[in-house]
**Q** 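I have a structure here, written as structure tokens, and I will follow up with some questions on it.
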Amino acid sequence: MFELMMLPYGMDALEPYISTTTMEYHYGKHHRTYVDNLNKLIKGTEFENMSLEKIILATAGKPEYAAIFNNAAQVWNHNFFWNSMSPNGGGKPKGELLKKIERDFGSYEKFREEFKNAAVSQFGSGWAWLVEDGDKLKIVKTSNAMTPIVDKQKPIITIDVWEHAYYLDYQNRRPEFADAFLDHLVKW
Ligand code: MN
């Protein structure tokens, strides 16, 4: 049985950028529902004792396992998203990661522009990510539950751009949510 992860901060810790109400719905209801659905779907199946990552890799791209994949990947993506933020986050990374960003994007500012653009331009529900692909950093977008670990990419940070992630606080202003994530929340 999978359990809903513990948040690394309080439900009100990301205020005013992400409200307690959003956390109550997003973590407390949406994320919890993915965990509960996954547990129901894998009960008594070959997936019952697998790790979350193994379930994702074993079900990706197989239409007969779409429901298991979607719920497993959404659990993984949300676990990663909550860990991509901190109440004291935001701004530039330091050290080796900043050097790699400058190497692969030209500057932090250019990276910031491209990451924000990916978050804003993802059509419909999905995610924007900074990943390490081999030895190169890349920005990728995924739709719905899709996750870069399926493509053997190593996620560094992610932003959830499903409407449930920002609509209560920002309504249709997804660009403002992306700004808040980058400038006030991202944990490098
Ligand atoms: Mn979400």
Side-chain angles (χ1 to χ4, degrees), residues 2-42 51-53 55-57 59-60 65-87 89-90 115-131 139-151 153-188:
F2 290 102
E3 285 182 16
L4 181 64
M5 67 172 265
M6 290 280 290
L7 279 181
Y9 35 74
M11 297 285 271
D12 61 352
L14 305 181
E15 296 260 15
Y17 308 107
I18 297 180
S19 67
T20 304
T21 307
T22 289
M23 293 302 295
E24 284 167 356
Y25 278 91
H26 194 182
Y27 168 74
K29 295 185 191 288
H30 290 276
H31 191 176
R32 183 184 302 279
T33 300
Y34 295 126
V35 174
D36 291 347
N37 285 344
L38 178 62
N39 284 329
K40 281 182 210 151
L41 288 162
I42 61 174
S51 69
L52 194 54
E53 289 80 2
I55 294 173
I56 291 167
L57 297 176
T59 57
Y65 296 130
I68 293 177
F69 173 81
N70 285 335
N71 284 282
Q74 281 295 76
V75 172
W76 197 95
N77 290 346
H78 283 87
N79 290 350
F80 202 84
F81 175 55
W82 304 127
N83 282 310
S84 291
M85 298 184 289
S86 141
F115 186 88
K116 180 181 174 182
N117 185 49
V120 170
S121 65
Q122 167 56 34
F123 187 79
S125 294
W127 303 80
W129 307 78
L130 175 66
V131 300
I139 292 166
V140 296
K141 302 189 275 189
T142 60
S143 288
N144 299 316
M146 188 43 76
T147 184
I149 65 170
V150 168
D151 295 321
Q153 294 168 331
K154 185 175 169 276
I156 296 169
I157 55 163
T158 190
I159 180 172
D160 185 345
V161 294
W162 285 56
E163 284 188 347
H164 69 220
Y166 62 87
Y167 217 83
L168 293 173
D169 299 326
Y170 299 90
Q171 293 78 48
N172 63 334
R173 303 187 307 278
R174 194 193 286 185
E176 285 181 28
F177 173 57
D179 283 336
F181 176 85
L182 286 162
D183 297 339
H184 300 286
L185 298 173
V186 68
K187 187 184 89 182
W188 293 108

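What you are looking at is a predicted structure, and each value in this text was computed from that prediction instead of being measured. Whatever order the structure lists ligands and atoms in, that order sets their numbers, starting from 1.
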**Q** Quick check on the Mn ion (ligand 1): does H31 put an N/O/S atom closer than 2.8 Å to it?
**A**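 Checking the Mn ion (ligand 1) against H31, no N, O or S atom falls under 2.8 Å.
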**Q** In terms of the angle between their ring planes, are F81 and W127 parallel, tilted or perpendicular, with boundaries placed at 30° and 60°?
**A**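 Geometry flag for W127 against F81: perpendicular rings.
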**Q** Can you tell me if F2 has over 12 outside heavy atoms packed within less than 6.0 Å of its CZ?
**A**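 Buried by this count: over 12 neighbours within 6.0 Å.
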**Q** Given the Mn ion (ligand 1) as the apex, I'd like the angle to NE2 of H164 and OD2 of D160, rounded to 10 degrees.
**A**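 H164 NE2 and D160 OD2 form an angle of 120° at the Mn ion (ligand 1).
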**Q** Verify whether one side chain among R174 and Y166 offers a donor that lies under 3.5 Å from an acceptor in the other.
**A**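 Yes - a donor-acceptor pair under 3.5 Å links their side chains.
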**Q** Before we go on, tell me: are the rings of H78 and H30 under 6.0 Å apart, centre to centre?
**A**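 Aromatic pair excluded; centres sit 6.0 Å or further apart.
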**Q** Can you tell me if an N/O/S atom from H78 lies under 2.8 Å from the Mn ion (ligand 1)?
**A**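 Looking at H78, which is the residue asked about, there is an N, O or S atom under 2.8 Å from the Mn ion (ligand 1).
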